[in-house]
There are 2 protein chains.
Amino acid sequence: MAHIKTSDSKTASLRVYEQVRNQISVGAHKVGDRLTEGALAEQFGVSRTPVREALQRLASEGFVEVLPHAGALVKGWSQGDVREVFDIRAHLESMAAGLAARRATAEDVAVLQSYCDTMKQLSQMPTRDVPKISEQNRAFHAEILRIAGNRRMADIALNLMDLGFLVRSFTKFDQGNILRSSSDHQNLVEAIRHGDERWAEAIMRSHILAAASIFTGTAEDDAQARMALRPVGTTPPK
Amino acid sequence: MAHIKTSDSKTASLRVYEQVRNQISVGAHKVGDRLTEGALAEQFGVSRTPVREALQRLASEGFVEVLPHAGALVKGWSQGDVREVFDIRAHLESMAAGLAARRATAEDVAVLQSYCDTMKQLSQMPTRDVPKISEQNRAFHAEILRIAGNRRMADIALNLMDLGFLVRSFTKFDQGNILRSSSDHQNLVEAIRHGDERWAEAIMRSHILAAASIFTGTAEDDAQARMALRPVGTTPPK
DNA sequence: ACTTGACTAATTGTATACGATCAATAGGTT
DNA sequence: AACCTATTGATCGTATACAATTAGTCAAGT
């Protein structure tokens with residue numbers, strides 16, 4: 001049996017990559033699960049080759065860790081990992097906010113304002129649609145990175161941001177946190193509108209470090225994450 | 001013709017990756033060259049599969065760009081690209097230097113000092129062994145990143161540093177630049193030895209921005225690089 | 001001269017097969 | 001029991017074959 005014709009024009013590698021990535025981020029694969037090439041190939045109805053490529057990409061982006069002959073492990077996050085990622089983001093994105101403040105055009109500011117407004121609306125609705133808020137949040141940050149004009153930096157920062165979704169503790173974002181975050185965004189728009197680099201940098205820094213403290217302060221639910229995690233820092237390539 | 005048994009224990013993918021990477025960095029493949037999977041496979045006596053993996057890794061690291069059906073292009077560098085990379089490095093590595101100043105043990109400082117001494121010796125020899133100096137330089141920076149204790153950041157920064165070898169304008173490092181660089185390193189060791197975060201950060205920042213100006217200031221040799229250049233209005237050093 | 005369109009050769013994308021390698025397990029020895 | 005060693009089964013690393021896609025070419029039409 002050969003071809004169930006997939007009207008999907010993308011390559012199989014990409015489809016598998018996106019699917020697995022999504023499965024991980026919604027928790028379908030828990031931390032420490034072993035993803036073997038054969039199993040995934042069967043699940044998606046493709047051969048091992050595209051699965052391999054997908055896993056390698058996921059590994060290079062930090063979502064999984066491939067062990068030589070033991071399957072790919074879904075990576076867990078220690079508090080140290082969270083701290084690492086948010087530290088880097090705090091530096092890179094505050095730099096980006098500063099650049100954005102210097103470079104933003106009127107249209108850029110308008111776009112930012114619109115993202116900000118949408119998020120404000122969402123955050124005030126009684127039922128918090130956390131995934132949607134999260135999406136708007138990502139778009140807002142991505143837009144600032146775009147305006148900053150350093151493509152490489154944007155790629156790095158966005159990847160780090162997406163990695164954060166591995167820690168799917170959306171519940172940690174209570175109403176108060178969301179409102180504060182939304183307010184931070186509005187301040188960022190103002191700082192950028194006025195071209196105030198220092199202010200923009202400072203807001204972004206505190207904005208991200210605040211998010212970091214939410215995670216590191218209350219990281220309780222993944223006991224399994226910590227268990228599955230080998231004492232960090234030691235990737236043992238022989 | 002099947003297997004020439006290579007006593008090399010590494011995987012073929014890795015060997016191909018390293019070889020191609022090296023070939024690019026020493027200029028055996030010029031900017032814009034098309035590397036096809038088949039040709040590389042034949043050249044290295046392996047099948048296309050490991051070549052594919054090597055190329056994908058090289059692409060994810062920015063050394064080449066894979067075009068869907070036209071082979072992998074060896075990437076060139078515009079002045080904008082150089083500016084981007086050094087901007088990011090300036091932020092990440094100054095952050096690392098600050099962390100290192102806070103965390104370094106006596107042994108750490110000793111190691112740094114030894115790298116620094118070696119480099120000082122090399123830089124004072126009449127015949128500049130630029131590759132060796134470059135290697136020591138990399139080791140020095142890598143050590144600071146290691147001491148900083150943020151492995152992710154170290155990975156990112158090292159990759160950016162290695163990317164710099166694509167711009168193989170070693171000749172641009174004249175005696176003066178090398179001596180200044182060596183002196184920067186000694187100052188960095190002092191700052192870290194005294195646990196002076198701010199000082200370490202500042203030195204690293206200026207150290208890297210100085211290197212950036214060497215590249216951007218005299219990037220003349222790639223005509224196509226200039227063509228790809230956009231009047232990117234980023235950070236005019238005042 | 002310039003565009004258009006079909007054709008061809010080259011290249012990648014994917015499937016499959018097989019051997020190599022390693023983790024896990026069982027069994028024997030001290 | 002604790003330790004070592006041989007076996008085994010699962011999993012990967014690589015080679016090879018084939019299908020799908022597209023870049024490049026060239027001739028015909030405007």
Side-chain angles (χ1 to χ4, degrees), chain A residues 1-21 29 32-60 63-75 227-230 234-238, chain B residues 1-21 24 29 31-61 63-75:
Chain A
M1 160 65 86
H3 307 79
I4 308 156
K5 76 146 183 280
T6 67
S7 57
D8 200 339
S9 65
K10 300 191 235 180
T11 66
S13 301
L14 232 163
R15 263 180 297 143
V16 173
Y17 164 77
E18 289 172 345
Q19 298 254 18
V20 174
R21 190 175 186 279
H29 296 300
D33 276 2
R34 299 196 337 171
L35 306 178
T36 72
E37 296 175 0
L40 289 176
E42 189 176 5
Q43 174 184 346
F44 292 111
V46 298
S47 78
R48 272 180 47 217
T49 311
V51 172
R52 245 179 111 72
E53 299 187 351
L55 283 181
Q56 280 167 350
R57 179 164 174 193
L58 288 167
S60 84
F63 292 95
V64 306
E65 178 177 5
V66 301
L67 303 190
H69 284 277
L73 281 187
V74 178
K75 272 234 226 169
M227 305 233 302
L229 200 63
R230 304 275 169 278
T234 60
T235 51
K238 31 168 99 161
Chain B
M1 132 118 133
H3 23 299
I4 307 149
K5 193 53 176 184
T6 67
S7 59
D8 200 338
S9 66
K10 301 191 233 178
T11 66
S13 302
L14 229 159
R15 262 181 297 142
V16 173
Y17 163 77
E18 289 171 346
Q19 298 255 17
V20 174
R21 191 174 183 282
I24 291 177
H29 297 301
V31 171
D33 274 3
R34 300 196 336 170
L35 307 178
T36 71
E37 297 176 1
L40 289 176
E42 189 176 5
Q43 175 184 347
F44 292 110
V46 298
S47 80
R48 271 181 47 219
T49 310
V51 171
R52 246 181 109 69
E53 298 187 351
L55 284 181
Q56 281 167 352
R57 178 166 175 192
L58 287 167
S60 84
E61 291 174 354
F63 292 95
V64 305
E65 178 177 4
V66 301
L67 303 189
H69 283 274
L73 280 187
V74 177
K75 275 235 238 172

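Lettering follows sequence order; numbering is per chain, from 1. The basis for the numbers below is simple: all heavy atoms, side chains too, and nothing from hydrogens, waters or symmetry mates.
The separation between Leu73(A) atom CG and dA23(C) atom P is 12 Å, rounded to whole Å. Here dT14(D) presents its P atom at 19 Å from CD of Glu42(B), a figure rounded to the nearest Å. Phe44(B) has its CZ atom 16 Å from the C1' atom of dT14(D), to the nearest Å. Spacing between atom CG of Leu35(B) and atom C1' of dA10(C) amounts to 16 Å, rounded to whole angstrom units. Put simply, CG on Leu67(A) is 14 Å from C1' on dT21(C), counting in whole angstrom units. Residue Glu37(B) contributes atom CD, which lies 16 Å from atom C1' of dA23(D) at whole-angstrom precision. Whole-Å rounding puts the Leu40(B) CG to dT14(D) P distance at 15 Å. Rounded to a whole Å, the CZ atom of Arg52(A) is 14 Å from the C1' atom of dT16(C).
Under the 4.5 Å side-chain criterion, counting only non-hydrogen atoms from C-beta, Glu53(A) is in contact with Arg52(B). Under the 4.5 Å side-chain criterion, counting only non-hydrogen atoms from C-beta, Val66(A) is not in contact with Gln56(A).
Heavy-atom neighbours of Glu42(B) CD from other residues, nucleotides or ligands within 6.0 Å: at or below the threshold of 12.
At a threshold of 4.0 angstrom between heavy atoms, the contacts of Val66(A) with the nucleic acid are absent. Here Thr49(A) lies in heavy-atom contact (under 4.0 Å) with a base.
Taking 4.0 angstrom as the limit, Ser13(B) places a side-chain polar atom (N or O) nearer than this to OP1 or OP2 of dT14(D). The side chain of Ser47(A) contributes no N or O atom lying less than 4.0 Å from OP1 or OP2 of dT14(C). Residue Arg34(B) places at least one side-chain N or O closer than 4.0 Å to OP1 or OP2 of dT11(C).
Toward the 5' end of DNA chain C, the nearer of the two residues Leu14(A) and Arg48(A), judged by each one's closest nucleotide, is Leu14(A). Of the residues near DNA chain C, Leu55(B) and His69(A), the one whose nearest nucleotide (by heavy atom distance) lies more toward the 5' end is Leu55(B).
Considering Leu35(B), Val74(B), Val51(B) as possible partners of Val20(B), the one that fulfils the side-chain contact (heavy atoms from CB on, under 4.5 Å) test is Leu35(B).
The CG atom of Leu73(B) sits 12.5 Å away from atom NE2 of His29(B), with the distance rounded to the nearest 0.5 Å.
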